[in-house]
Amino acid sequence: MPLDSKFLKNGYLPIFSEGENEYFYKLEQIISTVVDIDLAYIASYNYGTAIKKKKLLRVIAESAPFKPNISALSNKLDISCDRILEYPEVRNLRETFLLSQFLNAGYEVHEPQHGDFLVKGITIEVGGKN
């Protein structure tokens with residue numbers, strides 16, 4: 001398997017180096033911790049919201065390659081279509097991933113007038129038409 005495919009399948013978390021057999025179990029534990037505990041600091045976040053987020057993650061994971069049917073997700077998870085659109089937005093995922101990489105590499109990241117990030121004087125637009 002090429003390295004980029006392995007990265008996209010398994011990610012870059014250090015837990016992968018602890019053993020391939022343990023990776024998915026440990027990843028599931030990390031996701032549960034984030035959804036149950038870390039996200040609890042968001043206003044109006046509650047136990048019901050955590051359950052729905054886990055269901056959404058499960059549906060997405062089981063539907064690869066995923067092209068979301070917002071109405072079906074809304075019915076399946078009992079969440080409004082508008083709320084669903086806030087959760088799986090691909091652009092958000094790309095921006096979050098890129099931001100985490102910049103921060104992990106030690107770069108200062110600022111918000112520019114136009115675009116998504118300003119890093120070392122360079123404006124970066126993630127997934128925009130230009």
Side-chain angles (χ1 to χ4, degrees):
M1 174 183 298
L3 287 179
D4 59 341
S5 296
K6 193 170 187 178
F7 169 78
L8 290 174
K9 182 177 184 234
N10 299 316
Y12 64 95
L13 295 173
I15 60 171
F16 186 72
S17 64
E18 295 173 13
E20 240 176 284
N21 295 336
E22 299 290 318
Y23 178 75
F24 289 107
Y25 172 75
K26 288 182 179 184
L27 183 60
E28 184 178 338
Q29 295 303 311
I30 290 170
I31 291 170
S32 287
T33 300
V34 169
V35 172
D36 293 338
I37 297 169
D38 296 345
L39 293 179
Y41 293 100
I42 297 173
S44 76
Y45 193 83
N46 58 42
Y47 179 75
T49 306
I51 295 295
K52 289 177 181 179
K53 293 242 186 209
K54 284 182 180 179
K55 279 184 182 179
L56 177 61
L57 290 171
R58 188 175 305 113
V59 167
I60 290 171
E62 292 171 352
S63 303
F66 187 65
K67 292 183 182 175
N69 177 328
I70 301 304
S71 296
L73 280 174
S74 175
N75 290 334
K76 195 178 248 188
L77 300 173
D78 192 30
I79 301 173
S80 73
C81 288
D82 290 338
R83 182 64 76 183
I84 287 288
L85 289 171
E86 291 176 13
Y87 293 165
E89 187 179 317
V90 172
R91 184 168 185 248
N92 263 346
L93 294 174
R94 289 180 185 144
E95 289 177 5
T96 302
F97 173 77
L98 188 60
L99 176 63
S100 72
Q101 299 309 296
F102 282 134
L103 295 176
N104 285 336
Y107 289 104
E108 279 191 39
V109 181
H110 303 278
E111 186 176 354
Q113 290 286 92
H114 303 285
D116 296 313
F117 304 110
L118 182 64
V119 180
K120 295 185 88 173
I122 299 170
T123 300
I124 298 168
E125 172 68 39
V126 178
K129 43 186 167 166
N130 296 320

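Heavy atoms only: backbone and side chains are in, while hydrogens, waters and symmetry mates are out.
In this structure, NZ in Lys52 is found 8.5 Å from CG in Asn46, a value given to the nearest 0.5 Å. Put simply, CG on Leu118 and CG on Asp116 are 11.5 Å apart, with the number rounded to the nearest 0.5 Å. Here the straight-line distance linking atom NE2 of His110 with atom OG1 of Thr123 works out to 11.5 Å at 0.5 Å rounding. Taking CD of Glu108 as the reference point, atom CZ of Phe102 lies at 13.0 Å (rounded to 0.5 Å). Residue Ser80 holds its OG atom at 10.5 Å from CD1 of Ile70, rounded to the nearest 0.5 Å. With rounding to the nearest 0.5 Å, the separation of CG in Leu56 from NZ in Lys54 is 13.0 Å.
Here the side chains of Leu57 and Val35 are in contact, with some heavy-atom distance below 4.5 Å.
There is no path of hydrophobic side-chain contacts, each under 4.5 Å, that joins Ile30 to Ile37.
Residue Cys81 comes nearest to Ser71 through the heavy atom pair SG-CA, 4.3 Å, listed as atom of the first residue, atom of the second, then distance.
The hydrophobic cluster containing Tyr47, built from Ile/Leu/Val/Met/Phe/Trp/Tyr side-chain heavy atoms closer than 4.5 Å, also comprises Ile51.
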